[in-house]
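Notes follow once the structure below has been shown.
Being a predicted model, the structure only gives us computed values, none of them experimental. All heavy atoms count here, side chains included; hydrogens, waters and symmetry mates do not. Residue numbers begin at 1 in each chain, while the letters A, B, ... track the order of the sequences.
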2 protein chains.
Amino acid sequence: MTARRPTRQRAALTEMLAQIPEFVSAQDLHTRLAAAGSSVGLATVYRNLQALADDGEVDVLRTDTGEALYRACRSATHHHHVVCRVCGRTVEVEGPPGLNTWSQRVSDEHGFREVTHTLEVFGVCATHPVG
Amino acid sequence: MTARRPTRQRAALTEMLAQIPEFVSAQDLHTRLAAAGSSVGLATVYRNLQALADDGEVDVLRTDTGEALYRACRSATHHHHVVCRVCGRTVEVEGPPGLNTWSQRVSDEHGFREVTHTLEVFGVCATHPVG
DNA sequence: TTATGTGCAAAGGGTTTGCACTCCG
DNA sequence: CGGAGTGCAAACCCTTTGCACATAA
């Protein structure tokens with residue numbers, strides 16, 4: 001475990017992150033910080049987000065375009081998300097019953113160990129008009 | 001549905017793809033094609049892979065670094081993967097029962113439409129010694 | 001002929017890195 | 001003071017796009 005040193009930037013970043021309910025991109029976070037008057041270099045945002053992710057203090061999510069989204073962890077328990085692909089609004093949901101059992105079983109069947117899984121749902125939320 | 005026209009490049013690409021058991025990146029595919037003497041422009045590789053993905057003829061997968069990996073579909077039905085995080089070896093598996101129903105339900109409950117989902121399992125396959 | 005496909009090179013977007021500077025300890 | 005942290009800009013990487021040329025129908 002690396003000893004992190006407290007800085008204004010890190011504080012601003014984690015504070016901001018704590019106030020944002022949805023997943024946001026690094027760029028987005030950078031913009032919000034600037035708007036809030038506590039400007040932080042973009043590189044620093046990336047570096048800190050990465051550090052926080054390494055320490056398990058933020059959730060990381062990849063959109064289907066490969067962009068990374070971050071959010072301060074809400075619940076400690078394992079959960080999944082329904083993500084709006086237009087605005088990024090995210091709802092936390094429980095996985096389908098038997099998901100863990102299933103992933104364990106299919107892994108066992110093929111000799112895989114140290115198993116994890118990712119399950120995300122993408123859609124368009126109600127605030128957007130039907131195209 | 002767009003009518004695709006048969007070309008040497010497309011043929012070379014799908015043929016190559018059919019011979020590769022694992023997921024490969026577009027760049028990798030481009031290199032292999034060149035090595036095999038049937039060079040295809042990188043942009044063309046990307047365009048064709050995208051077209052094939054749209055038509056559901058190849059599986060697309062995002063690594064945790066955001067890179068897209070492609071592989072010729074083995075089975076026509078919707079399926080998921082168990083991916084070795086050491087060597088990339090992949091096994092195709094059926095999703096847990098009720099997955100579609102579940103994703104539809106949780107999306108409906110929160111007003112999301114045009115729903116898709118991603119579910120991948122990551123582990124370490126049997127060919128690697130226990131760490 | 002003509003719309004679709006291709007190649008090249010340039011542009012794009014997200015992310016990382018080199019380097020000098022700052023600031024905590 | 002010494003080293004972790006920061007800012008800036010350039011570099012990177014994967015991917016997309018503009019445009020002129022080639023090609024299947």
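The side chain of Tyr46(B) contributes no N or O atom lying less than 4.0 Å from OP1 or OP2 of dT16(D). Between Gln9(B) and dG5(C) there is no side-chain N or O to OP1 or OP2 distance below 4.0 Å. Taking only side-chain nitrogens and oxygens, Thr44(B) never comes nearer than 4.0 Å to OP1 or OP2 of dG5(C). OP1 and OP2 of dA24(D) both lie 4.0 Å or more from every side-chain N or O belonging to Thr7(B). Remark: Arg5(A) is not in phosphate contact with dG2(D), judged by side-chain N or O atoms under 4.0 Å from OP1 or OP2.
In this structure, Glu67(B) atom CD and dT16(C) atom P are separated by 14 Å, rounded to whole Å. We find that CG of Leu42(A) is positioned 17 Å from P of dA11(D), with the value rounded to whole Å. At whole-Å resolution of the value, CZ in Arg62(B) and C1' in dT15(C) are 14 Å apart. In this structure, the CG atom of Asn48(A) is 15 Å from the P atom of dT15(C), given to the nearest Å. As a whole-Å value, the separation of His30(A) NE2 from dC8(D) P is 8 Å. When rounded to the nearest whole Å, the span between CZ of Arg10(A) and P of dG7(D) equals 12 Å. One interatomic measurement links the two molecules: CD of Gln50(B) to P of dT6(C), which rounds to 13 Å at whole-angstrom precision. Between the C1' atom of dC14(D) and the CG atom of Leu49(B) lies a distance of 13 Å, rounded to the nearest Å.
Under the 6.0 Å cut-off for aromatic ring centres, His80(B) and His117(B) qualify, their centroids lying closer than that.
Contact annotation for Gln27(A): base contact, defined as any heavy-atom pair under 4.0 Å involving a base atom.
With dT15(C), dA24(D), dG5(D) as the choices, the nucleotide that has an atom nearest any side-chain atom of Arg4(A) turns out to be dG5(D).
Proximity of Thr118(A) to Arg62(A): side-chain heavy atoms (C-beta onward) are nowhere separated by under 4.5 Å.
By the 6.0 Å contact criterion, CD on Glu109(A) is enclosed, its count of non-hydrogen atoms from other residues, nucleotides or ligands being greater than 12.
Side chain of Trp102(B) to main chain of Glu94(A): a donor-acceptor pair is present (N/O by atom type, distance under 3.5 Å, no hydrogens or angles).
Nearest-nucleotide positions on DNA chain D place Ala43(A) closer to the 5' end than the other of Ser25(B) and Ala43(A).
Val40(A) pairs in a side-chain contact (heavy atoms from CB on, under 4.5 Å) with only one of the listed residues (Thr7(A), Leu29(A), Leu33(A)), which is Leu33(A).
In terms of polar N and O atoms assigned as donor or acceptor, the side chain of Arg47(A) comes within less than 3.5 Å of the base of dG7(D) in a complementary pairing.
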